[in-house]
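Remarks on the structure that follows.
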Amino acid sequence: MPPQEPAPIEPRPADPAFPLTRDDFNLSDLLSRASEAWSRDLGAWVLAMLLYWIIGLGIPMVLGGIWGVFGALQGGDAQPSATFAAVDVVVQVVVQVFQLVLTAIFTLGMWAMALRGLHGEQVRVGVLFSQMSKIWKYIAQTIVIGLAAVLIIAPVLLIVFLAFVGHVDRSTPMQEIFESAGQPLGIAGLVLAPLYVYITAGIAFIQTELAFKDDAGPVEAIL
């Protein structure tokens, strides 16, 4: 009796691809997909938001409040000493850096959860802390965007200041400066608003790119 040939092995079904693309999506489909992903793992999302409010927002607020009370007790009505002023600067910087780190953790973690949910995967709270290795990329992005904003806005401020305010010294009232520069700055803002909107729209999802691609660099995600 001749040996029977083994039955062909059926290929493993591929994971369902994300159904929405840039070319054929609409707002209704997007909202439906997001609602489905949200409701499927509602408990994980609620717990993630609670952790964000308690850790991401609560801890920096408490630390800032404690240091503010300590500073008020130390300074009182008298002029704070140079030593305390230096320590105050250091503490403020440390608190801001700590808050930036927490923001990086929760922002990238929330994006990672959202991306998994939109692709039909199960979302767990642990995903919220799955982007810890990318904190430095988030901070680098923040610094690059901040420097870029300064390079774009600073020339406009300088031109308006030189053209409409002119020479000032310490005795020049701030109200006079605002009255001279306020209207020109408003007009410049309106004229340049389309450019700012265009630039902002282009970098709106840089943090999503970091969460979506593990090998994306901080500058590469911007470009």
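The structure presented is a predicted model; accordingly, all values stated were derived computationally and were not measured. What's counted below: heavy atoms across the whole structure, side chains too, no hydrogens, waters or symmetry copies.
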Query raised in the report: Could you give the distance from CG (L185) to CD1 (I159), rounded to the nearest 0.5 Å?
Result: 11.0 Å

Query raised in the report: With clusters built from Ile, Leu, Val, Met, Phe, Trp and Tyr whose side-chain heavy atoms come within less than 4.5 Å, directly or transitively, what are the remaining members of the cluster of I187, listed by chain and number?
Result: V191

Query raised in the report: Is a side-chain donor or acceptor of K134 paired with a backbone partner of L210 at a separation under 3.5 angstrom?
Result: yes

Query raised in the report: salt bridge (Lys or Arg N to Asp or Glu O under 4.0 Å) with R124: which residues, sequence neighbours excluded?
Result: none

Query raised in the report: How many angstroms lie between atom CD of Q141 and atom OG1 of T107, to the nearest 0.5 angstrom?
Result: 11.0 Å

Requested in this report: Could you state whether F98 and F106 fall into the same hydrophobic cluster, counting links through intermediate Ile, Leu, Val, Met, Phe, Trp or Tyr residues with side-chain heavy atoms under 4.5 angstrom apart?
Outcome: yes

Query raised in the report: Is there a path of hydrophobic side-chain contacts, each under 4.5 Å between heavy atoms of I, L, V, M, F, W or Y residues, that connects I153 with L195?
Result: yes

Requested in this report: Quick one: pull up CG in L108 and CE in M132 and give me the separation to the nearest 0.5 Å.
Outcome: 11.0 Å

Query - Shortest non-hydrogen separation from A211 to A112 and the atoms involved - result: CB-N, 4.0 Å

Report summary line: On a heavy-atom basis, the closest approach of V123 and A44 is O-CB, 3.5 Å

Requested in this report: Give a yes or no on this: more than 12 heavy atoms of other residues, nucleotides or ligands lie within 6.0 Å of atom CZ of F129.
Outcome: yes

Query raised in the report: Can you get from L57 to V94 by hopping between Ile, Leu, Val, Met, Phe, Trp and Tyr side chains that sit under 4.5 Å apart?
Result: no

Query raised in the report: Can you get from L115 to M113 by hopping between Ile, Leu, Val, Met, Phe, Trp and Tyr side chains that sit under 4.5 Å apart?
Result: no

Query raised in the report: Got M49 and M110 here, is their nearest side-chain heavy-atom distance under 4.5 Å?
Result: yes

**Report entry** Crowding at CD, Q183 (>12 non-hydrogen neighbours, <6.0 Å)
**Finding:** no

Query raised in the report: Is it the case that one hydrophobic cluster holds both L63 and I55, taking links as side-chain heavy atoms less than 4.5 Å apart, direct or via other members?
Result: yes

Query raised in the report: Does the side chain to side chain contact (heavy atoms under 4.5 Å, CB included) test come out yes or no for Y52 and L128, once each step is laid out?
Result: CA-CA 10 Å; Y52 171 65; L128 188 64; 5.9 Å; no

Report task. Return the set of residues passing ring-ring contact (aromatic ring centres under 6.0 Å, His included) with W38 (not counting sequence neighbours), or none when no residue passes. Result -> W45

Report summary line: The side-chain contact (heavy atoms from CB on, under 4.5 Å) partner of L100 among T142, I143, I135, I105 is T142

